[in-house]
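Input: a single structure, listed below in structure tokens.
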Protein chains: 2
Amino acid sequence: MARPALTEDEISDFRERLCEVATRRFVEFGDAGVSLRGLALELGCSPTTPYRYFRDKDEILAAVRARAFDRLAHFAAPFAGPDGDPLSQLEALGFAYLRFAREEPHAYRMAFELSQPEASAYPELLQSRQKAWQMIYRAVRRAVVAGALAGDANVVSHLFWAGMHGLAALHLGGQLESLPIEKLQKPMVRALLRGALPSVGPTTGDTPDA
Amino acid sequence: MARPALTEDEISDFRERLCEVATRRFVEFGDAGVSLRGLALELGCSPTTPYRYFRDKDEILAAVRARAFDRLAHFAAPFAGPDGDPLSQLEALGFAYLRFAREEPHAYRMAFELSQPEASAYPELLQSRQKAWQMIYRAVRRAVVAGALAGDANVVSHLFWAGMHGLAALHLGGQLESLPIEKLQKPMVRALLRGALPSVGPTTGDTPDA
DNA sequence: GTAAAAAATTGACAGTGTTCATTCAATGCG
DNA sequence: CGCATTGAATGAACACTGTCAATTTTTTAC
């Protein structure tokens with residue numbers, strides 16, 4: 001004899017719609033656009049309505065970030081597949097990663113720069129990040145098991161990710177003025193891959209000369 | 001017949017003191033600690049007094065960031081000198097860069113993560129960043145002119161910086177869980193340097209096989 | 001139609017950056 | 001010394017923000 005609670009679908013629908021609006025407003029107005037009142041204005045609801053669907057604003061940001069990671073994973077997926085020469089595929093994946101950062105800078109910034117000290121408290125976010133991360137890891141591991149790269153796949157893939165992210169972060173931070181990222185991405189990918197070529201030597205440097 | 005205006009020294013003294021307090025409060029309380037009212041509490045002045053010494057809070061953040069870059073430059077300076085083997089020095093510089101990010105994470109985060117869309121509007125900030133950047137550039141260029149590295153010094157130094165920053169950013173962002181940064185820094189430095197060794201080939205890859 | 005329960009809204013609170021009118025303080029002159 | 005003048009510092013206020021509590025609206029079953 002009472003009003004029924006919200007369906008699981010209704011909840012996820014509202015959350016999805018709010019995340020889309022938040023993303024668009026982030027692109028248009030920056031950080032200032034994702035205020036609860038700003039979102040409510042565009043959603044046509046009260047500023048406190050989202051509190052029934054999210055615990056607080058941090059959970060909203062985590063959901064938005066998770067969707068940004070999802071798009072990154074989706075963007076990189078075609079180049080992480082099991083077909084083609086492993087090294088060429090890995091190189092293409094690096095280019096795709098940086099193309100995503102260039103073409104969807106807002107998504108990349110939301111994924112990596114939205115300040116969230118306690119990001120590990122949101123399983124959805126961790127899972128989406130893991131999904132994006134595995135695009136890189138699988139491609140690297142495939143090259144390793146195929147003998148095209150040497151060293152620990154976990155180490156090499158982390159190096160690969162860090163190199164790509166370093167370029168993307170400096171680019172998006174406007175710190176690459178004298179040299180555009182287009183001139184740096186190929187040398188970076190090549191350097192990181194060459195550093196793990198089996199003919200050159202293992203990546204876990206144990207040559208005692210430091 | 002009037003009160004004399006503030007001395008240049010008085011102005012810079014107050015600015016310096018405010019920046020120190022802001023830095024300490026950022027370390028202790030995070031972003032929430034650098035509010036105007038929080039700073040005023042510790043400075044023993046009114047929340048609006050800083051407005052005579054800074055245009056707005058963005059200018060305060062720019063000054064804080066500039067001092068963080070200064071510390072990074074000071075930290076890396078001993079390894080960018082003209083003495084010693086160029087490659088060993090460059091490697092040591094890379095380690096020093098990452099040690100700074102590890103030992104002074106707050107300074108590094110302030111330098112690179114404090115959200116400032118219009119950072120290029122603050123000459124002091126640009127100059128301090130340039131100072132830190134030149135620690136890297138000079139070390140790389142020295143290795144290039146000595147014949148220890150090949151390729152354009154500008155390209156190689158940007159790659160070096162991006163690689164270091166990528167590791168530092170992922171580390172500080174808590175994204176390196178399965179693998180600590182200590183196990184990654186040496187492979188990263190070696191990979192980047194090996195990618196520019198003259199015996200291996202030029203860094204600007206022009207081998208047409210992609 | 002009415003009772004009950006869930007959803008949504010309104011109003012308020014403490015906090016933020018910032019502006020402006022006001023007060024305080026320090027100086028040179030008579 | 002007293003005082004006018006001028007810069008420095010302040011307090012009050014405004015428009016925001018995220019968030020909670022009380023209230024109102026909506027939707028169902030009897």
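Quick caveat: nothing in here was measured; it's all calculated off a predicted structure. Reminder, nothing fancy here: chain letters follow the sequence lines and each chain counts from 1.
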*What integer distance in Å separates A/Leu6:CG from D/dT28:P?*
11 Å
*Tell me what A/Tyr53 touches on the nucleic acid: a base, only sugar-phosphate, or nothing, going by heavy atoms under 4.0 Å.*
sugar-phosphate
_5' precedence on DNA chain D between A/Pro4 and B/Thr49 (nearest-nucleotide basis)_ = B/Thr49
*Indicate, with a heavy-atom threshold strictly under 4.0 Å, whether A/Phe14 touches base, sugar-phosphate, or nothing.*
nothing
Tabulate protein N/O versus nucleotide N/O from nucleotides 16-19 of chain D, keeping only pairs under 3.5 Å, one per line.
residue	atom	partner	partner atom	Å
D/dT17	OP1	A/Ser35	OG	3.0
D/dG18	OP1	A/Leu36	N	3.3
D/dG18	OP1	A/Lys57	NZ	2.6
D/dG18	OP2	A/Leu36	N	2.8
D/dG18	N7	A/Arg37	NH1	2.6
D/dG18	O6	A/Arg37	NH2	3.0
D/dT19	OP2	A/Tyr51	OH	2.5
D/dT19	OP2	A/Lys57	N	3.0
D/dT19	O5'	A/Tyr51	OH	2.9

*Any idea which heavy atoms bring A/Pro86 and A/Ala143 closest together, and the distance?*
CB-CA, 3.7 Å
*To the nearest angstrom, how far is B/Ile11 atom CD1 from D/dA9 atom C1'?*
14 Å
_Phosphate contact (D/dA8 OP1 or OP2) by B/Arg52 side-chain N/O below 4.0 Å_ = yes
*Determine the interplanar angle of the A/Phe112 and A/Phe69 rings, folded into 0 to 90°, and report it as parallel if under 30°, tilted if 30 to 60°, perpendicular if over 60°.*
perpendicular
*Report the nucleotide, chosen from C/dT9, D/dT26, D/dG11, that has the shortest atom-to-atom distance to any side-chain atom of B/Ser46.*
D/dG11
_Quick check: do A/Phe95 and A/Lys186 have side-chain heavy atoms less than 4.5 Å from each other?_
yes
*State, without any angle test, whether A/Tyr97 and A/Trp161 hold a side-chain donor-acceptor pair at a distance under 3.5 Å.*
yes
*Residues that B/Phe26 engages under ring pair (Phe, Tyr, Trp, His ring centres under 6.0 Å), provided they are two or more places apart*: none
_Euclidean distance, atom CG of residue A/Asp31 to atom C1' of C/dG17 [Å, nearest integer]_ = 15 Å
_Can you measure B/Leu43 atom CG to D/dT10 atom C1' for me and round it to whole angstrom units?_
15 Å
_Within the 3.5 Å criterion, strictly below it, is a donor on B/Tyr108 or B/His165 matched to an acceptor on the partner's side chain?_
yes
_Interatomic distance, B/Phe29 CZ vs C/dG15 P [rounded to whole Å]_ = 14 Å
*CZ of A/Arg3 versus P of C/dA5: gap in Å, rounded?*
14 Å
*Could you pull out the closest heavy-atom pair between B/Ala111 and B/Arg65, with the gap in Å?*
O-NH2, 2.8 Å
_Can you measure B/Leu61 atom CG to C/dT16 atom C1' for me and round it to whole angstrom units?_
13 Å
